[in-house]
2 protein chains.
Amino acid sequence: MSLKSKDLSIKFRFWINVDGEKLLGKGRVEMLELIRKHGSILKASQEMKMSYRQAWQMVKEMNDRAESPFVEKYMGGKNGGGARLTIEGEDAIKKYHDLEKRINYFIDEQLESFK
Amino acid sequence: MSLKSKDLSIKFRFWINVDGEKLLGKGRVEMLELIRKHGSILKASQEMKMSYRQAWQMVKEMNDRAESPFVEKYMGGKNGGGARLTIEGEDAIKKYHDLEKRINYFIDEQLESFK
DNA sequence: ATGCGTTATGTATTTAAAAGAATAACGCAA
DNA sequence: TTGCGTTATTCTTTTAAATACATAACGCAT
């Protein structure tokens with residue numbers, strides 16, 4: 001390709017669709033992990049520096065599209081309420097990262113045969 | 001992951017960076033192919049339904065970042081001017097599509113092991 | 001019963017990206 | 001030398017997405 005012989009790299013993004021609509025991607029997995037960490041959608045949204053509203057919608061879409069919700073929520077109570085991951089949510093994170101690793105490895109190989 | 005057993009799929013996008021900046025992606029390759037087809041950035045932009053301005057900037061960025069320009073332009077003359085691909089541009093398209101095929105094949109395999 | 005911090009949700013505001021409009025320069029052809 | 005269709009570029013307008021703001025409901029604890 002006659003590129004400047006500098007830092008050439010292949011970048012990629014991938015995500016999982018169900019019925020043509022996005023179920024899971026990098027941002028959503030990060031959101032799930034922060035919900036696990038904080039036990040709260042609000043705190044997760046703050047750490048991700050996005051509005052609570054957007055985070056809440058994200059979670060809603062995931063839960064609606066998955067066969068079984070990834071996030072379990074509860075309102076009121078001692079700490080005002082909160083959210084936690086379901087087994088299905090944990091499973092989704094693991095499968096996403098496993099796939100991510102395989103893709104990363106493959107893409108690294110491809111760079112050699114691309115230069 | 002316990003997904004609704006409907007239409008589950010893995011989607012992806014990839015692109016080539018040089019020194020951390022985008023050189024080539026799906027849209028840019030399509031642009032190159034339409035410039036080849038029409039011999040004109042203006043007509044290519046119209047078929048892609050994007051503004052001439054954006055198309056022109058796209059081409060400029062590619063040409064600036066590649067070691068050797070992908071698109072050759074000329075102003076004035078019988079037909080007002082035009083643009084054509086260089087050998088390097090043609091080569092870039094081919095390499096992109098070759099890589100795309102390999103990634104497509106790999107991702108298809110992964111879906112089986114993901115469900 | 002009051003306060004607290006969260007979920008839940010509608011509406012308004014801001015912001016960033018893209019498009020659109022306008023204009024100049026170019027060089028051939030009639 | 002006038003017209004044509006393109007490249008080239010600036011400035012304005014539109015559009016879409018995200019954010020901000022506001023408010024209610026919830027349920028435990030004091």
Side-chain angles (χ1 to χ4, degrees), chain A residues 11 13 15 17 21-66 68-86 88-89, chain B residues 11 13 15 21-23 25-66 68-86 88-89:
Chain A
K11 301 288 175 183
R13 286 295 292 268
W15 60 97
N17 273 9
E21 305 210 288
K22 187 173 187 175
L23 171 67
L24 207 58
K26 184 181 167 69
R28 291 179 179 202
V29 168
E30 190 182 344
M31 176 58 63
L32 291 178
E33 289 169 332
L34 289 175
I35 288 170
R36 174 172 54 196
K37 175 181 175 187
H38 292 291
S40 152
I41 295 174
L42 178 62
K43 293 210 185 86
S45 73
Q46 288 166 342
E47 184 165 341
M48 276 191 80
K49 283 172 185 165
M50 67 166 61
S51 60
Y52 169 77
R53 181 185 178 74
Q54 194 183 27
W56 176 84
Q57 284 175 331
M58 227 183 202
V59 170
K60 178 164 168 39
E61 278 191 10
M62 277 191 278
N63 280 349
D64 287 351
R65 288 172 189 169
S68 211
F70 290 170
V71 177
E72 194 173 78
K73 296 167 285 182
Y74 44 99
M75 279 172 53
K78 187 165 82 165
N79 298 310
R84 73 168 66 88
L85 297 190
T86 62
E88 289 78 14
Chain B
K11 301 288 176 184
R13 287 294 293 267
W15 59 97
E21 306 211 287
K22 187 173 186 175
L23 172 68
K26 184 182 168 67
R28 292 181 179 202
V29 168
E30 190 183 342
M31 175 59 62
L32 291 178
E33 289 168 332
L34 289 175
I35 288 170
R36 173 170 57 196
K37 176 182 173 186
H38 292 293
S40 152
I41 295 175
L42 178 62
K43 292 209 185 87
S45 75
Q46 288 166 343
E47 185 165 340
M48 277 192 79
K49 283 169 183 162
M50 68 165 60
S51 61
Y52 170 76
R53 177 191 169 73
Q54 195 183 24
W56 177 83
Q57 282 176 329
M58 227 181 203
V59 170
K60 177 163 169 42
E61 279 190 10
M62 278 191 278
N63 279 350
D64 287 349
R65 288 172 190 169
S68 211
F70 290 170
V71 177
E72 194 173 79
K73 297 166 283 180
Y74 43 100
M75 280 172 52
K78 186 164 85 166
N79 299 308
R84 72 167 67 90
L85 298 190
T86 62
E88 289 78 13

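Values below: all heavy atoms of this structure, side chains included; hydrogens, waters and symmetry mates excluded. Order of the sequence lines fixes the chain letters, A, B, ..., with proteins taken first and strands second; residue numbering starts at 1 for each chain.
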* Asked: Where do A:A55 and A:I41 come nearest, in terms of heavy atoms and distance?
  -> CB-CG2, 4.0 Å
* Asked: Nearest heavy-atom pair of A:I35 and A:L85: which atoms, and what distance?
  -> CG2-CD2, 4.2 Å
* Compare side-chain N and O positions of B:W56 against OP1 and OP2 of D:dT7 and report whether any pair is under 4.0 Å apart. => no
* Asked: What's the spacing between B:Q54 CD and B:M31 CE if we round to 0.5 Å?
  -> 8.0 Å
* To do: Anything under 4.0 Å to a heavy atom of chain A counts; send over the first and last such nucleotide of DNA chain C, read 5' to 3'.
  => C:dG5 to C:dT11
* Structure fact -> From CD of B:Q46 across to P of D:dT7 the rounded distance in Å is 10 Å
* Mapping A:G81 and A:K60 to their closest nucleotides on DNA chain C, which lands nearer the 5' end? -> A:G81
* What is the distance from atom OG of B:S40 to atom CD of B:Q46, rounded to the nearest 0.5 Å? -> 7.0 Å
* To do: Identify the two heavy atoms, one from B:A83 and one from B:V71, that lie closest to each other, and give their separation to 0.1 Å.
  => CB-CG1, 3.9 Å
* Checking all strands, does B:G77 fall into the base, sugar-phosphate, or nothing category for heavy-atom contacts under 4.0 angstrom? -> base
* Structure fact -> Rounded to whole Å, CZ of B:R84 lies from P of D:dT7 at a distance of 12 Å
* Asked: What distance separates A:K60 NZ from A:K73 NZ, expressed to the nearest 0.5 Å?
  -> 7.5 Å
* **B:L42 to B:Y52 - nearest heavy-atom pair and separation** => CA-CD1, 3.7 Å
* Asked: Which pair of heavy atoms, one from B:L34 and one from B:A44, lies closest together, and at what distance?
  -> CB-CB, 3.7 Å
Give every pair of a protein N or O atom and an N or O atom of nucleotides 14-19 of chain D that lie under 3.5 Å apart, one pair per line with the distance.
unit_1	atom_1	unit_2	atom_2	d
D:dT19	OP2	A:Q54	OE1	2.7

* Could you give the distance from CZ (B:F70) to CZ (B:R36), rounded to the nearest 0.5 Å? -> 13.0 Å
* Intra- and interstrand pairs of DNA chain D - dot-bracket, Watson-Crick/G-U under 3.5 Å, | marks other strand -> ||||||||||||||||||||||||||||||
* To do: Please name the pair of heavy atoms, one in B:S51 and one in B:S45, separated by the smallest distance, quoted to 0.1 Å.
  => O-CB, 4.0 Å
* Does B:K22 offer a backbone N or O that forms a donor-acceptor pair with the side chain of B:R65 under 3.5 Å? -> yes
